[in-house]
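Below: the structure, in structure tokens.
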Amino acid sequence: GILGGTGSSKSSLVNLISRLYDVSEGRVLVGGKDVRSYDLDTLRNEVSVVLQNNVLFSGTIYENLRWGDEHATDEECRHACELACADEFIERFPDGYNTYIEQGGTNVSGGQKQRLCIARALLKKPKILILDDSTSAVDTATDAKIRRAFLTEIPNTTKLIIAQRIGSVMEADQIIVMDGGKIVGNASCCAGRAPEAAAGKVLGQVVRRVDDQEVCKGARQVRRDLKRVAADGAAAHGVERHVLRHAQAAREILRRVLR
């Protein structure tokens with residue numbers, strides 16, 4: 001999971017994986033190999049990217065989905081939509097999956113468009129799935145359902161989730177926070193460790209890097225996000241206390257990480 005404010009280089013980081021540009025120093029490894037050693041077409045065929053404002057084309061829902069896999073069966077298309085929670089609204093359309101989508105998806109909402117784009121990416125059966133703030137227009141309950149489906153249905157796919165909401169990355173194996181093109185906080189969620197503890201560690205790392213003497217209201221937003229995913233209220237309250245101990249930086253957390 002990758003958190004950070006606008007302009008913190010979150011997208012730039014993940015774009016190195018599919019080699020939209022190459023590193024100037026160091027290296028990026030995929031499967032233990034430098035990405036520059038892969039055939040470019042082979043590498044990109046194994047990566048699916050869903051952007052915040054992905055494009056839908058004029059045609060039926062089935063036709064849009066098959067841009068991910070032109071040979072996908074109707075059943076495979078429907079299953080991908082179930083994982084992306086798109087089936088919930090598609091089945092309410094009179095023509096279902098044969099509903100015609102206008103150019104650019106102008107006749108569906110932002111959240112519906114994002115879920116269709118996620119389903120299209122899943123049909124590609126990628127080894128690496130990158131979600132670049134691609135659930136920003138869906139409500140938190142639907143966001144959580146999508147993440148649970150990913151966890152159970154595609155456990156062997158590497159998932160990189162860029163998000164503005166801390167709740168969107170709570171189940172990630174690792175959470176990092178970026179600012180100014182650098183990683184300013186990171187924590188792993190290993191076996192036996194609650195994700196709330198990892199989030200608390202990340203927040204602690206971030207606040208220690210910030211110099212702002214004003215007490216802020218950001219801790220309340222942290223608690224609201226965590227309570228949606230915390231196993232119990234005590235866990236969320238523990239993270240809130242952790243942030244409040246560094247109250248002088250809470251406003252900066254809200255500005256940089258949670259907006």
Side-chain angles (χ1 to χ4, degrees), residues 1 11 14-15 17-20 30-31 35 38-139 141-163 168-169 171-172:
S11 298
V14 297
N15 284 341
I17 295 172
S18 51
R19 293 189 64 196
L20 295 185
V30 171
V35 292
Y38 288 100
D39 173 75
L40 191 57
D41 288 340
T42 300
L43 175 67
R44 290 180 177 174
N45 282 334
E46 299 295 347
V47 179
S48 279
V49 181
V50 185
L51 304 174
Q52 182 178 8
N53 296 308
N54 259 22
V55 176
L56 292 176
F57 306 98
S58 56
T60 66
I61 290 176
Y62 274 135
E63 289 169 342
N64 267 276
L65 293 172
R66 289 190 174 111
W67 280 96
D69 178 3
E70 61 180 331
H71 302 297
T73 65
D74 289 355
E75 183 178 353
E76 288 172 329
C77 289
R78 289 192 294 270
H79 182 60
C81 287
E82 289 171 6
L83 295 182
C85 293
D87 61 316
E88 298 174 356
F89 67 86
I90 293 174
E91 292 173 357
R92 293 198 297 267
F93 292 151
D95 295 326
Y97 288 82
N98 290 308
T99 298
Y100 188 83
I101 301 295
E102 301 290 346
Q103 178 67 32
T106 56
N107 58 330
V108 291
S109 70
Q112 291 171 342
K113 186 188 302 185
Q114 286 185 339
R115 283 179 276 176
L116 287 172
C117 290
I118 291 172
R120 183 172 65 191
L122 291 174
L123 279 173
K124 191 176 178 181
K125 298 180 178 64
K127 292 184 178 178
I128 299 175
L129 176 63
I130 298 172
L131 303 178
D132 191 347
D133 209 17
S134 54
T135 57
S136 59
V138 304
D139 59 81
T142 301
D143 185 16
K145 287 176 66 176
I146 293 171
R147 287 183 282 108
R148 284 196 297 270
F150 286 175
L151 190 64
T152 57
E153 297 287 340
I154 51 172
N156 297 321
T157 297
T158 299
K159 297 166 280 289
L160 299 174
I161 302 175
I162 295 174
S168 297
V169 299
E171 287 93 359

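These figures come from a predicted structure and were not determined experimentally.
Of the possible polar contacts, none joining the Thr135 side chain to the Val138 backbone as a donor-acceptor pair under 3.5 Å is found. Side chain of Arg78 to main chain of Asp87: no donor-acceptor pair is present (N/O by atom type, distance under 3.5 Å, no hydrogens or angles). At least one donor-acceptor pair under 3.5 Å links the side chain of Asn107 to the backbone N or O of Glu102. Not one N or O on the side chain of Arg120 forms a donor-acceptor pair closer than 3.5 Å with the backbone of Gly68. In terms of modelled atom types and a separation under 3.5 Å, the side chain of Lys124 and the main chain of Val47 share a donor-acceptor contact. The main-chain N or O of Ile154 is found under 3.5 Å from a side-chain atom of Lys159 such that the two form a donor-acceptor pair. In this structure, Asp139 contributes its side chain and Thr142 its backbone to a donor-acceptor pair below 3.5 Å. In this structure, the side chain of Asp39 engages the main chain of Thr42 through a donor-acceptor pair within 3.5 Å.
Distance check, rounded to the nearest 0.5 Å: CD1 of Ile130 to OG of Ser11 gives 9.5 Å. Note: Ile161 CD1 to Leu131 CG = 5.5 Å, rounded to the nearest 0.5 Å. Atom CG of Leu123 and atom NE2 of His79 lie 9.5 Å apart (nearest 0.5 Å). With rounding to the nearest 0.5 Å, the separation of CD in Glu46 from OG1 in Thr157 is 10.0 Å. To the nearest 0.5 angstrom, Ile90 atom CD1 is 11.0 Å from Cys85 atom SG. To the nearest 0.5 angstrom, Arg148 atom CZ is 13.0 Å from Leu83 atom CG.
Put simply, the side chain of Leu116 reaches to within 4.5 Å of the side chain of Phe89, judged on heavy atoms. By the 4.5 Å heavy-atom criterion applied to side chains, Leu40 and Arg44 are counted as neighbours. The shortest distance between side-chain heavy atoms of Leu122 and Phe150 falls below 4.5 Å. For the pair Glu153/Glu82, no side-chain contact is recorded, criterion being any heavy-atom separation below 4.5 Å from C-beta on. The closest side-chain heavy-atom distance from Lys113 to Asn54 is not below 4.5 Å. Side-chain contact check for Leu129 versus Ser48: some heavy-atom pair is nearer than 4.5 Å.
Here the closest non-hydrogen pair linking Leu43 and Ile17 is CD2-O, 3.4 Å. Scanning all heavy atoms of the two residues, the minimum distance from Gly96 to Ile61 falls at O-CD1, 3.7 Å. Considering every non-hydrogen atom in both Val108 and Phe93, the closest pair reads CG1-CZ, 4.4 Å. Contact record, Cys77 with Ala72: SG-CB, 4.0 Å, taken as the closest heavy-atom pair. Across all their heavy atoms, Ser134 and Ile118 have their closest contact at O-CD1, 4.0 Å. The two residues Ala86 and Arg115 make their nearest non-hydrogen contact at CB-CB, 4.0 Å.
Under the 30°/60° scheme for interplanar angles, the aromatic rings of Tyr62 and Tyr97 are found to lie parallel.
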*Kindly indicate, with the supporting measurements, whether the criterion salt bridge (Lys or Arg N to Asp or Glu O under 4.0 Å) is fulfilled by Arg66 and Asp74.*
CA-CA 10 Å; Arg66 289 190 174 111; Asp74 289 355; 2.4 Å; yes

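Residues meeting the side chain to side chain contact (heavy atoms under 4.5 Å, CB included) test with Ala119, sequence neighbours left out: Leu65, Ala80, Cys81, Ala84.
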